[in-house]
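In this text the structure is predicted, and so the values were computed from the model without any measurement. Each chain gets a letter, A, B and so on, in the order its sequence line appears, and its residues count up from 1.
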Number of protein chains: 2
Amino acid sequence: MVTRKQHEEPIIRPDCRTRRGLELIAAQWSMLVVVALGEETKRFSQLHAQIAGISKKMLTQVLRELERNSLDKRVVYLVIPPMVEYSLTPLGLTLRELIYALRDWSERYIEEVERRRTEYDQQDKTLLQEQIMALVQQWTEAS
Amino acid sequence: MVTRKQHEEPIIRPDCRTRRGLELIAAQWSMLVVVALGEETKRFSQLHAQIAGISKKMLTQVLRELERNSLDKRVVYLVIPPMVEYSLTPLGLTLRELIYALRDWSERYIEEVERRRTEYDQQDKTLLQEQIMALVQQWTEAS
DNA sequence: CCGTATCCAAGGGGATACTG
DNA sequence: CAGTATCCCCTTGGATACGG
C-alpha cells in the first residue's frame with residue numbers, strides 16, 4: 001500500500017535566504033527607486049523629481065541602502081556645484097529585470113485588481129457571519 | 001544636424017499603475033505569504049506555523065488584504081472545530097510566478113550581496129569626505 | 001546641489017487576553 | 001481553530017532648518 005507522502009513544507013525562517021533577499025526590496029520605496037534608476041545613470045535631483053512625493057530623506061536612505069548591497073553605484077564629482085550620479089550595478093541590473101516584470105504585471109492587472117476590490121468591499125457578509133455564530137453556539141454548549 | 005533627443009523620463013506618480021501595483025506587495029509580509037501559500041491550499045494554522053515569527057494579527061491582515069485584491073481565496077468550513085482554507089486565485093498565481101523569480105534571485109545572490117555589504121561597511125570614506133569639504137570651502141568663499 | 005539633523009505625528013506591528 | 005480587541009511601544013517617514 002502506498003502511503004501518500006505528506007508534503008513536508010519548508011519553514012520560512014527569519015534567517016533563510018528567501019527572507020533575507022525579499023527584505024532587500026520589500027520596503028516602501030525600494031522597488032520604485034530601482035525602476036526610476038532604470039536604464040541610465042541619474043543624478044540625485046533627477047531621481048527626486050521623477051519619483052513624485054518621495055522626500056530627500058527617504059530617497060537618500062534607499063539609495064544608500066541599495067549601495068550598501070551593491071545594487072547601485074554612487075559617483076561623486078568634485079565640481080561646483082556638487083554633482084552625484086547613481087546607476088545600477090551589474091548585480092542591480094539582474095534584479096531590475098525581475099522588478100520590471102512586477103511593473104508589467106501591475107500595468108496589466110492593477111485595474112482588474114481594483115475593480116474586484118470594489119466588489120469585495122460591497123459584499124454583504126452578514127449571512128455567513130450568522131451561520132458561524134449559530135455553529136459556535138452549538139460548540140460552546142457541547143463543551 | 002541631428003539634435004540628440006533628450007530622453008523624456010516618465011514621472012512615477014502616486015496614482016500611476018506601476019505604483020499602485022507595487023504597493024500591493026511591497027509590504028513587510030505580503031510576498032512571504034504568497035510564497036508560503038505556494039502550490040497548495042493551506043489552513044490558517046499551517047501558514048502561521050510555516051512563516052516563522054509572523055503574528056496571527058499580521059497574518060490575518062495580509063491574508064485579508066490579498067483577498068480584497070482577489071489574489072487569494074478564503075473558504076470557511078462550517079465544522080467543529082472551525083477550519084479555514086486559503087489558496088491563491090488564478091490572478092494570484094500569475095503574481096506568484098514573479099515572486100518566485102525574486103525568491104530564486106535571493107537564493108542565488110543574497111550571500112554575495114551580504115558579503116559586499118560587509119566590505120562596504122568596512123570601507124574608509126574619510127579621504128573622499130575631506131576632498132568634498134575642501135571643495136565646499138572654495139565654494140562658500142566664492143559665493 | 002546634495003544631502004544631514006532634529007523634531008514630531010501617525011501608524012505598523014508585537015503581546016496578551018478574550019470571542020465567534 | 002481561527003481569529004478579534006486592546007494596549008502600547010517604537011519605528012517609519014514627513015517637515016523644516018541647517019551643513020558639507
(request) Return the set of residues passing ring-ring contact (aromatic ring centres under 6.0 Å, His included) with Y109(B) (not counting sequence neighbours), or none when no residue passes. (result) W105(B)
(message) Through direct or indirect side-chain contacts below 4.5 angstrom among Ile, Leu, Val, Met, Phe, Trp and Tyr, which residues connect to M83(B)?
(response) V75(B), Y77(B), V79(B)
(request) Take atom OH of Y86(B) and atom C1' of dC1(D), then tell me their distance rounded to the nearest Å. (result) 11 Å
(request) Check whether any side-chain nitrogen or oxygen of R43(A) sits under 4.0 Å from OP1 or OP2 of dC2(C), and answer yes or no. (result) yes
(message) Can you pull out the residues from residues 11-19 of chain B that lie within a 4.0 Å heavy-atom distance of DNA chain D?
(response) none
(message) Under a 3.5 Å threshold, yes or no: a donor from one side chain and an acceptor from the other, between T18(B) and E107(A)?
(response) yes
Please write out the pairs of protein N or O atoms and N or O atoms of nucleotides 4-13 of chain D separated by less than 3.5 Å, giving the distance to one decimal.
from, atom 1, to, atom 2, distance (Å)
dT4(D), OP1, R64(B), NH2, 3.2
dG13(D), OP1, Q28(A), OE1, 3.2
dG13(D), N7, K57(A), NZ, 3.3

(request) Determine whether more than 12 heavy atoms belonging to other residues, nucleotides or ligands lie under 6.0 Å from atom CZ of R115(B). (result) yes
(request) Figure out the CG/P separation between L59(A) and dG14(D), and round it to whole Å. (result) 11 Å
(request) Answer yes or no: is there a side-chain heavy-atom contact under 4.5 Å between V34(A) and L71(A)? (result) no
(request) With sequence neighbours excluded, tell me which residues meet ring-ring contact (aromatic ring centres under 6.0 Å, His included) with W29(A). (result) none
(message) Looking only at the side chain of P82(A) (C-beta and beyond, no hydrogens), which of the listed nucleotides dC1(D), dG20(D), dG3(C) gets closest?
(response) dG20(D)
(request) Report yes if the side chains of L102(A) and L95(B) come closer than 4.5 Å at any heavy-atom pair, otherwise no. (result) yes
(message) Between the opening five pairs and the closing five pairs of the helix from dC1(C)-dG20(D) to dG20(C)-dC1(D), how far apart are the helix axes, to 10°?
(response) 60°
(request) For R13(A), look at atom CZ and say whether over 12 heavy atoms of other residues, nucleotides or ligands are found less than 6.0 Å away. (result) no
(request) Report yes if some heavy atom in the side chain of V33(A) is under 4.5 Å from a heavy atom in the side chain of I51(A); otherwise report no. (result) yes
(message) For the CZ atom on R74(A), are there more than 12 heavy atoms of other groups (residues, nucleotides or ligands in this structure) within a distance under 6.0 Å?
(response) yes
